[in-house]
Amino acid sequence: MKSLFITEKPSVAREFAKALKLNTSNHDGYMESQNTIITWCVGHLISMSYPEAYDPALKKWDMKTLPFLPKEYKYEVIPAVKKQYTIVSGLLNREDVDTIYVCTDSGREGEYIYRLVEQMAHVTGKNRRRVWIDSQTEEEVRRGIKEAKDLSEYDNLAASAYLRAKEDYLMGINFSRALTLKYGWTISNYMKQNRNTVIAVGRVMTCVLGMIVRREREIRAFVPTPFYRILGDFILEDEKVEMEWKVTADSQYYGSPYLYKENGLKEEKYAKQLIDYMVKEPPVVGEVVSISRKKEKKYAPLLFNLAELQNTCSKMFKISPDQTLKVVQELYEKKLVTYPRTDARVLSTAVAKEIYKNIRGLAGYEPFSVFATEILEQKQYQGLARTRYVNDKQITDHYAIIPTGQGLGALRSLSQLSASVYMVIVRRFLSIFYPPAIYQKINMEAAVLTEHFFTSTKVLLEEGYLKVANAGLPKKEEGNQALAQLLAKIRKGKKLPVREFHIKEGTTSPPKRYNSGSMVLAMENAGQLIEDEELRAQIKGSGIGTSATRAEIIKKLVNNKYIALNKKTQILTPTQVGEMIYDVVNASIRSLLNPELTASWEKGLTYVAEGTVTEEEYMMKLEKFVTDRTNGVRYLNNQTNLQQTFDYVAQYYKKNSVKTGMKKGSKKRATAKK
């Protein structure tokens, strides 16, 4: 009897054959040796059937047929890959095959790809084993095969995968049809187009569109507000030290309505009055009321998950999340890094025990060999399991993205971009084996009469991990060394002559637009754009979409021409049609724009995968949501009210400068999977 290995791609199948050291003969769509067959899917082979497969009458979009909620879902072979499906199906049912090793990607989507094929092929009576790996190195592939579990242990994960697909299908089919039927012509007439505009919506896609539109409108509504800061030139050891006024409990302006935050005033006249008060009796002298010197430690950041890597690459290389995912997928397939579609930023205890192997491999990676060698020689990897970089509780399917230390021969074939992304991953990984950087932070406060002025600086004392983290990057100036040397001599009570005070006008800034990287982070954190790396690490909970889908969602919005992506800056902005669709959804199914609600659906799928929520419970909630919202649209009569909001949008765009981006005849396919 034979074992059948089924992978997701032909390239992965070849790696499995190599790891198993098989002497195979090549056939159309598979490889075979004496005891083993290896075949592959080519991504998805099966898809969900459109409504017309249930009833030809459903091909016509009609509000009377909504909501569409099948009792049993139909699936079909994707025509373009029918030949490979026939090959895989035949192999799965071969009489001489008794064991099937499922080797599709180790995640929810990979599980779904295989389960659909098995379902369509009606496979019975076989021993099915699930191979779950974190990289494509030969060692990891052999371990995955050796430790493969019975496929039934992944039934909850499969259930969540089926539900995710049904959720996107039901929301896409019902909401896209309902909103197109209700509002499509409203948009078309306004845009003076002679065909009905298809309004494609989706559980995640529409929520992300909402975030981008809301941010754009915040920027438009923003009114710059001037404020006035007071700076003083204090003389210390014949050197000028600039200090900034801030309000304290002693100040004339404590609790005043004329304050703009703690370090500014709303009108220039109040700043002038304050200066006049301080200089009325020359010479003007300040007295040091406090001086503090404190050492601060800064630890290496946590390792990369996909969202963090996408954000970093967006900043460094100005590439989209989709491009980053393609690059890191290539690195994974060349055995250079571990599995990319991960939300974890830490390692497992088991991996930490063997981490020296990864470092040992990197000793042969020229740009960083000196660091890898140093870590090995000084055994800096020992004790890693007791650090914040290892936490089994923060890992679901996969640990963080790290270099395997293998496949270095493939570096020669990489593009400059791919090689640079690999370097970024290596740099982050090796940093965690070094001690923290240590800074000296000095704060000084001086009083002039009842008013207080402040200055501070921070200088680097010990590089620590920064010697790796900054290796090969432009050198940054770490603090003001000259100021630090001056402040080192100061004691409390010292008198400091004041040469002059001056007023510096500032203006409040509008919110920043999302770029492709910051949008991925905002999606990861359920709509909150949390820039602080340490704070993000503390926040737990499912975000909007998953690490595997976020890049694709942004790409889909761009392809639909609902948003525009500036390729040079990676800035995301809405289009006119995108804003109009936002207004339509806001007036009809507002909950689709709610990031917290969208994240809660994803959390629900996680609960199904964990076994704490049943498939039936989730489906009941889903069908009620779809039914209620679809029926809500049916009885609305607010098309004319949208004219005002469309007029508001139009003033920011040239007439007809943006088309809907939906091709003619694409109506029936606008299911908006995401």
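What you see is a predicted model, and the numbers here were worked out from it, not measured in a lab. Because only heavy atoms are used, hydrogens play no part in the values below, and waters and symmetry mates are left out as well, while side chains stay in.
Geometric assessment of Arg428 against the ring of Phe304 yields a positive cation-pi assignment under the 6.0 Å and 45° thresholds.
A salt bridge does not link Arg128 to Asp98: none of the charged nitrogens lies less than 4.0 Å from a carboxylate oxygen. Here Arg130 does not pair with Asp155 in a salt bridge; the nearest charged N to carboxylate O distance is not below 4.0 Å. Of the charged side-chain nitrogens involved, none lies within less than 4.0 Å of a carboxylate oxygen, so that Arg164 and Glu167 do not count as a salt-bridged pair. With salt bridges taken as basic N to acidic carboxylate O contacts below 4.0 Å, none links Glu617 and Lys621.
A centroid separation of less than 6.0 Å is found between the aromatic rings of Phe68 and Tyr54. Trp40 has its ring centre no less than 6.0 Å from the ring centre of Phe5.
Using bins of under 30°, 30° to 60° and over 60° for the plane-to-plane angle, the ring pair Trp132/His398 lands in the parallel bin.
Judged purely by distance below 3.5 Å, without hydrogens or angles, the side chains of Asp392 and Ser348 never pair a donor atom with an acceptor atom.
Here the OH-CG distance, from Tyr389 to Leu384, works out to 9.0 Å after rounding to the nearest 0.5 Å.
Results of the side chain to side chain contact (heavy atoms under 4.5 Å, CB included) test with Thr39 over Met31, Glu32, Gln84 single out Gln84 as the only residue that passes.
Across all their heavy atoms, Ala53 and Ser49 have their closest contact at CB-CB, 3.6 Å.
Within the 4.5 Å cutoff, the side chain of Val633 has heavy atoms near those of the Ile589 side chain.
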